[in-house]
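In what follows, every chain begins at residue 1, and chains take the letters A, B, ... in the order their sequences are listed.
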Number of protein chains: 2
Amino acid sequence: MVQIGAMMKREPLPPAPAFQPLYRQIKALLTEGLATGEWRPGEPIPSEIELAHRYKVSQGTVRKAVSELASENVLVRRQGRGTFVATHAHVGTQLSFLRITPDGEAVRDLEPTLIDLRRQRADAAAAGLLGLAAGASLIRLRRTLAINGRCVVFEEVRLPAERFRGLDIATVTAHGCLLYSLYESAFGVKIVAGSERVKAVCADADTAQRLCVQPGAPLLQMERVAYTYGEIPVELRRGFCDTRMHHYANDLG
Amino acid sequence: MVQIGAMMKREPLPPAPAFQPLYRQIKALLTEGLATGEWRPGEPIPSEIELAHRYKVSQGTVRKAVSELASENVLVRRQGRGTFVATHAHVGTQLSFLRITPDGEAVRDLEPTLIDLRRQRADAAAAGLLGLAAGASLIRLRRTLAINGRCVVFEEVRLPAERFRGLDIATVTAHGCLLYSLYESAFGVKIVAGSERVKAVCADADTAQRLCVQPGAPLLQMERVAYTYGEIPVELRRGFCDTRMHHYANDLG
DNA sequence: GAGTGGTCTAGACCACTCA
DNA sequence: GAGTGGTCTAGACCACTCA
């Protein structure tokens, strides 16, 4: 099976150009406010006019900064109501990182089930991907995902113990094993982006049993690095999906 | 193996709201000019000031329309030079629809090889996906793709014969089997978007041989519907990839 | 009706490209 | 230096939400 360490970091950003427009500076200030928790997921940020006064720029410049963050799904604008920090707390957005869909129908129901949770040391690969020292403490949890009543995904998640101090089985189950919502509400860690690597692999004995497939059956393997504000990596994930009646959906262009 | 007919059409657009802002009307006019070939891939469109005069709106309104098309990779802005119609003719953009990457390195070299090309009748599923009458004439071609010298993808492409009248082996090989570039230059069909469904499947005997894997080995199956301007479907594709040393890359969020 | 984001304009000036 | 897209402003008015 392919090592999760075979994943690469997200492409580094190109070197910042000498000239930085005002709206990008405003965007950086807004991102800072989000990262420090000044505005929390689900909450409104100040109105454009108020932000314009605060930063001493025109409303148009604020708009441009906010628009970029909205196009990255970091903020959500609602005409007539305000601009809100995106959140994984709502049912609709819980699915935004799940690309697995049943072949003929929509996702009606999602039921994650925790298998186990334990501490482990980061190997060199995991440490590198998470920007930690080798041997740093990780939390590893495993779960299955049933879609519309059918168990089709088995995944292993690794988190830096530092940032998720105190995470235990009780906390996870209390949140119904909805991880991104849990990270947000219990640890102030908002997942905003991820990069995935997908492969076809053969089911090993353990995974086969958990997904009720034959050992050796083809499974879709998904490896993910997930990022919080500022492209900081905070979660590693490797999942296996039985794609006989489901698929990984992706739009190009 | 899953039928390509199991694919679904792209989500239909939500019903157009009663209120349509000016810049969307401008965007529609620009899209029309692109679809009719007034401006062809690689060519510049008129400057923003000129378009503003033509459509009798402000430059800002033109900018907003152009910006949306640029964010959809339909147009490409180049500061100081102008705004250009996106094209598959350049090496960089030829890869924009290819999500397969070698595990440890970048794609340095891409070598497609045509296997065969023939006419066939559309089955109900293909006709439905392409918006054709059942039994309409299709062109089916098959090819392999070598990445950095290693043959890892085998794919079958189906096209409506009507729109690609006269497409034959000589034309394809003359273009080095670079399909999207060929569609563009020889048929005026610019591919601008696609939706894919990815699964893990077992290699059948024929595919296994073409990719030099064991029959039954796990392969990544990619099914695609590709669209030209205005979300018109114009190509069906099904590919298989040996992912032992390659992966399907995808960014989330 | 007050407050929000959304659209549109006109105009100034900047960054960049190319002859 | 002329022409392009990129930024920024100020201000008017519109669409929408909510009390």
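Here the straight-line distance linking atom CG of B:Leu179 with atom CG of B:Leu114 works out to 8.5 Å at 0.5 Å rounding. Distance check, rounded to the nearest 0.5 Å: CG of B:Leu220 to OG1 of A:Thr243 gives 8.5 Å. Atoms CD and CD, from A:Glu196 and A:Glu223 in turn, are 10.0 Å apart once rounded to the nearest 0.5 Å.
Among A:Val225, A:Ile232, A:Leu159, A:Leu236, the single residue meeting the side-chain contact (heavy atoms from CB on, under 4.5 Å) criterion with A:Leu130 is A:Leu236.
At a non-hydrogen distance threshold of 4.0 Å, nothing from residues 45-53 of chain B comes into contact with DNA chain C. Within a heavy-atom distance below 4.0 Å of DNA chain C, the residues of residues 56-71 of chain A found are A:Arg63.
Atom pair A:Phe84:CZ and D:dC16:P shows a separation of 17 Å (rounding to whole Å applied). Atom CD in A:Glu43 sits roughly 17 Å away from atom P in C:dT4 (whole-Å rounding). Nucleotide C:dT7 holds its C1' atom 12 Å from the CZ atom of A:Arg77, rounded to whole Å. Straight-line distance from the OH atom of B:Tyr23 to the C1' atom of D:dA15: 13 Å, rounded to whole Å. Nucleotide D:dT7 holds its P atom 12 Å from the NZ atom of A:Lys27, rounded to whole Å. Rounded to whole Å, the distance from CD1 on A:Ile26 to C1' on D:dT9 is 13 Å. The distance between atom CG of B:Leu75 and atom P of D:dG6, rounded to the nearest whole Å, is 11 Å. Summarising the geometry, the separation between CD on A:Gln20 and P on C:dC14 is reported as 18 Å, rounded to the nearest angstrom.
Remark: side-chain polar atoms of B:Asn148 are paired, donor with acceptor, to backbone N or O of B:Ala106 under 3.5 angstrom. Not a single donor-acceptor pair under 3.5 Å links the side chain of B:Arg163 to the backbone N or O of B:Val189. With A:Glu155 contributing its side chain and A:Arg237 its backbone, the two residues share no donor-acceptor pair below 3.5 Å. Side-chain atoms of A:Lys190 never come within 3.5 Å of backbone atoms of A:Thr228 as a donor-acceptor pair (strictly under, hydrogens ignored). Using a distance-only test at 3.5 Å, with no hydrogens or angles considered, no donor-acceptor pair links the side chain of A:Thr171 to the main chain of A:Leu167.
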Show every donor-acceptor pair shorter than 3.5 Å between a side-chain atom in residues 27-34 of chain B and any protein atom, with sequence neighbours excluded, or say none if there are none.
| from | atom 1 | to | atom 2 | distance (Å) |
| --- | --- | --- | --- | --- |
| B:Lys27 | NZ | B:Glu68 | OE1 | 2.8 |
| B:Lys27 | NZ | B:Glu72 | OE2 | 2.8 |
| B:Thr31 | OG1 | B:Lys27 | O | 2.9 |

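When all heavy atoms of A:Trp39 and A:Pro46 are compared, the pair lying nearest together is NE1-CD, 3.4 Å.
Residues A:Val172 and A:Arg143 are not in side-chain contact: their nearest non-hydrogen atoms beyond the backbone lie 4.5 Å or more apart. The shortest distance between side-chain heavy atoms of A:Cys241 and A:Met222 falls below 4.5 Å.
For residues 73-100 of chain B, the set of pairs meeting the salt bridge (Lys or Arg N to Asp or Glu O under 4.0 Å) definition, not counting sequence neighbours, comprises B:Glu48-B:Arg77.
When the side-chain nitrogen and oxygen atoms of A:Arg78 are compared with OP1 and OP2 of C:dT4, none of them lie within a distance under 4.0 Å.
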Report each atom pair, protein N/O against N/O of nucleotides 17-19 of chain C, whose distance is under 3.5 angstrom.
| from | atom 1 | to | atom 2 | distance (Å) |
| --- | --- | --- | --- | --- |
| C:dC18 | OP1 | B:Arg81 | NE | 3.1 |

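Taking a pair as Watson-Crick or G-U wobble with both distances under 3.5 Å, the runs of three or more consecutive pairs in DNA chain D are C:1-18 with D:1-18.
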